[in-house]
Amino acid sequence: MSRVEAKKPSLYISEPLSKDIVHRSLSVLSGILKSCYGPTGRLKQLHNGVGGYVCTTSQSSAVLRCLSVSHPVLKVLTASVQNHVSRFSDCGLFTAILCCSLIENLKSINILPCTVIKISKHLLSLCIDYLQSEACACRVPVDFSNLETLFCLVRSVLASKPACMLRKTEVDHLTRLTVKAFLLTVPCHVETNAVLGKCVIVPMKGRRVADSTVFPGLLLETTENQFPKPLSVKRTSSDVIKVALFCVSMSGDLSDLDEGVVIVHHGISLEMSELDQLLNVGKQLVNDGIGLIACQKVIHPSLKQYLKENHVVTVDRVGLPMMEPLSQMTGALPIASIHDFSPSCYGSLKDICTVSFAPKRFVHLIPNDTLVCSLMLCNRNETTWDELKRAYETAEHVLQLTLKEPLALLGGGCTETHLASYIRHKSHDLPAGSFKAIDCSETQFQLVADAFCHSLESVASSLKHDDGDVFTDMVYGHCWLVPSGFSSVSNWSDLVSKCGCGINNNTQNLNWRVLQSQFSAPVLQSCPKEPPVKAADFLTLDCFAAKCSGLQVAVETANLILDLSCIIEDQN
């Protein structure tokens, strides 16, 4: 080694939250995330600064993955939110914005962090207990026999992703397809160990969104125009198609042999021996009544021709990602050797046909019992398709979480403002003994509660991107967005038709107030009421499980960061 650099000592930073650089970095991150929030959120173009792939998005999963943060405090925050998104797919921006607001607001009240953390934990438990109680006025039960609620959930996810560039009719079309695809993956018969099936996304870029459609079963792309119409397939006596699924190459290529020494006698051709073995396998499959052979890798042309002459359909180059849904749909076990396999590995199908979507051709495998389906997902270009794929996967995961816990929360900022109204009411109604149990004074509790509620309201305010006003009513505690260009002294009931979630209208005497920037707001005389209607067309709904988790993650991460006393960073 020509030169050895001396080891640098670790960098010690005490009281990191008191440093201006942390405050500035947190403010910039918060501004970026707030500007992405909601259906009118601003798009972000992210790239690595030296060229390459450019990601255009407003979704937290893509923004946080592509955004480079260097300060340890911001790394903790983004890692925490990314972990939440990896588990729930939804409410990533809600979690990140709330966490940033909590850090900023709780830090500014000049109370010892240990006291702030105790009080915020108590406020979090009040929120979670309320959201999980039957008395909660901002949660909606989801009945899977009523598709309208499922449509509202999916529509809320798709409509909040502006980078998908979807028109209203396209959102409605994709909403119906998403719910249909999800229901096709739900088992018809309840079993002890029942599992959901799988929806496979088939990309079609450069086509209209209206061309998107759902197929029961699987679409396997083929590059060959080898299938005659009508398709002639060998069937069993019970009119089903037996299936063999191979995960080993059937190309006859010697490079696929295992490592070791191969002894070849004079005059023997290894290539011909391999081909003879493949043809023997083909004869065994024909004798066993196989109608379809799907291979993860390549099938030798001679074997293909032999099988075709015996009315056996072959599909090769299926790829590893399709093996699991193929096995799940047909019941076939992947065969890993062409030298020894058992007929017990075979599966079955109801039917096979061909489908053409120019310029692509597909083999459509139709199962006996639908647990696997294919979504032909179309969008105009690669950028909007990538964003739509992420949005669809989020909507699908939301439906899966809702099936496990059939509840939803009112969206459009209404849950946040309603929770803030509820916390303000409860915090002014606490018995004196509660402050002693938390080990704080009443003044300290009220300051933290106000900061907590202001943070919730700041998330709702982030839905506004065009200099309008944000109101909350004094009856239900819902969020109301007023367009820009109107004075705050106008008759507010003439400016708004529905609240953010769409459940309340302007015909009621609700006594609105503007969401203030300071920690002062009137307290409701009673607990915020439940809206008179629990279901409505085009209701904006959020995933219950994702939002409850996001609320917990935001508060706990903020508490962790507020409790940081020092950072030790390796400089080598």
Review point. Taking everything shown except D20 itself, do over 12 heavy atoms lie less than 6.0 Å from its CG?
Key: no
Exercise for review: Locate the shortest heavy-atom distance separating L399 from F144; write the atom from each residue and the value.
Suggested key: O-CZ, 4.3 Å
Review point. Quick one: do the T394 and D90 side chains pair a donor with an acceptor below 3.5 Å?
Key: no
Practice item. First locate atom CG of L403, then atom CG of L150, and finally report the distance between them rounded to the nearest 0.5 Å. Key: 9.5 Å
Review point. Any donor-acceptor pair under 3.5 Å linking the side chain of S160 with the backbone of S156?
Key: yes
Check your understanding: Rounded to the nearest 0.5 Å, what separation is found between the CG atom of D211 and the CG atom of L377?
Key -> 11.5 Å
Review point. Just checking, is any N or O donor in the side chain of S108 or N105 under 3.5 Å from an acceptor N or O on the other one?
Key: no
Exercise for review: Heavy atoms only: give me the nearest S374-V202 pair and the separation to one decimal.
Suggested key: CB-CG2, 4.2 Å
Review point. Quick one: does L102's side chain get under 4.5 Å of V555's, heavy atoms only?
Key: yes
Point to revise | For G38 against L463, the heavy-atom pair lying closest together | key: CA-CD2, 3.7 Å
Review point. Does a side-chain N-to-carboxylate-O contact under 4.0 Å join D316 and K297?
Key: no
Practice item. Check whether any side-chain heavy atom of F544 sits under 4.5 Å from a side-chain heavy atom of V140, and report yes or no. Key: no
Point to revise | Side-chain H-bond candidate by donor/acceptor type, Y130 with H418, under 3.5 Å | key: yes
Check your understanding: Can you find a heavy atom in the side chain of Q296 that is under 4.5 Å from one in the side chain of P334?
Key -> no
Review point. With a 4.5 Å heavy-atom cut-off, do R317 and V298 have their side chains touching?
Key: yes
Review point. What are the two closest heavy atoms between I109 and L106, and how far apart are they?
Key: CG1-O, 3.1 Å
**Study point:** More than 12 heavy atoms from other groups under 6.0 Å of NZ on K121
**Key:** no
Practice item. Would you mind reporting whether D542 and F94 have side-chain heavy atoms less than 4.5 Å apart? Key: no
**Study point:** Atom CD of E405 with >12 non-hydrogen neighbours under 6.0 angstrom
**Key:** yes
Review point. Within a strict 4.5 Å, meaning less than it, do heavy atoms of the C99 and I103 side chains meet?
Key: yes
Practice item. State plainly whether the residues K547 and E416 are in salt-bridge range, i.e. N to O under 4.0 Å. Key: yes
Point to revise | side-chain hydrogen bond (donor to acceptor under 3.5 Å, both in side chains): pairs with one or both residues in residues 549-561, sequence neighbours excluded | key: S80-T557, H84-S549, S120-N559
Practice item. Give a yes or no on whether I21 atom CD1 has more than 12 heavy-atom contacts from other residues, nucleotides or ligands under 6.0 Å away. Key: no
**Study point:** Set of residues satisfying side chain to side chain contact (heavy atoms under 4.5 Å, CB included) with respect to K404, sequence neighbours excluded
**Key:** none
**Study point:** Exercise: identify the closest heavy-atom pair between A460 and G413
**Key:** CB-O, 3.8 Å
Point to revise | Side-chain donor-acceptor pair present, T57, E387, cut-off under 3.5 Å | key: yes
**Study point:** Check: T95 side chain, C91 main-chain N or O, donor-acceptor pair, under 3.5 Å
**Key:** yes
Check your understanding: Less than 4.0 Å between a side-chain N and a carboxylate O, is that true for E393 and R390?
Key -> no
Point to revise | Atom of R42, atom of S58 and distance for their closest heavy-atom approach | key: O-CB, 4.0 Å
Point to revise | Carboxylate-amine/guanidinium contact E170 R380, below 4.0 Å | key: yes
Practice item. Check whether any side-chain heavy atom of V448 lies under 4.5 Å from a side-chain heavy atom of Q446, and answer yes or no. Key: no
Check your understanding: Any side-chain donor paired with an acceptor under 3.5 Å for T56 and T383?
Key -> no
Review point. Got a salt bridge between D386 and K389, using NZ or NE/NH1/NH2 to carboxylate O under 4.0 Å?
Key: no
Check your understanding: Tell me, do I201 and Y392 make a side-chain contact under 4.5 Å, heavy atoms counted?
Key -> yes
Review point. Hey, are K44 and S35 close enough side-chain-wise for a donor-acceptor pair under 3.5 Å?
Key: yes
Check your understanding: If you draw a 6.0 Å radius around NZ in K360, do more than 12 non-hydrogen atoms from other residues or ligands fall strictly inside?
Key -> yes
Check your understanding: So with a 6.0 Å cut-off around CD of Q132, is the heavy-atom count from everything else above 12?
Key -> yes
Review point. Less than 4.0 Å between a side-chain N and a carboxylate O, is that true for D172 and K168?
Key: yes
Check your understanding: Does one side chain, of D473 or H478, offer a donor that lies under 3.5 Å from an acceptor on the other?
Key -> no
Review point. With no hydrogens and no angle check, is any side-chain donor or acceptor of T417 less than 3.5 Å from a backbone partner on C479?
Key: yes
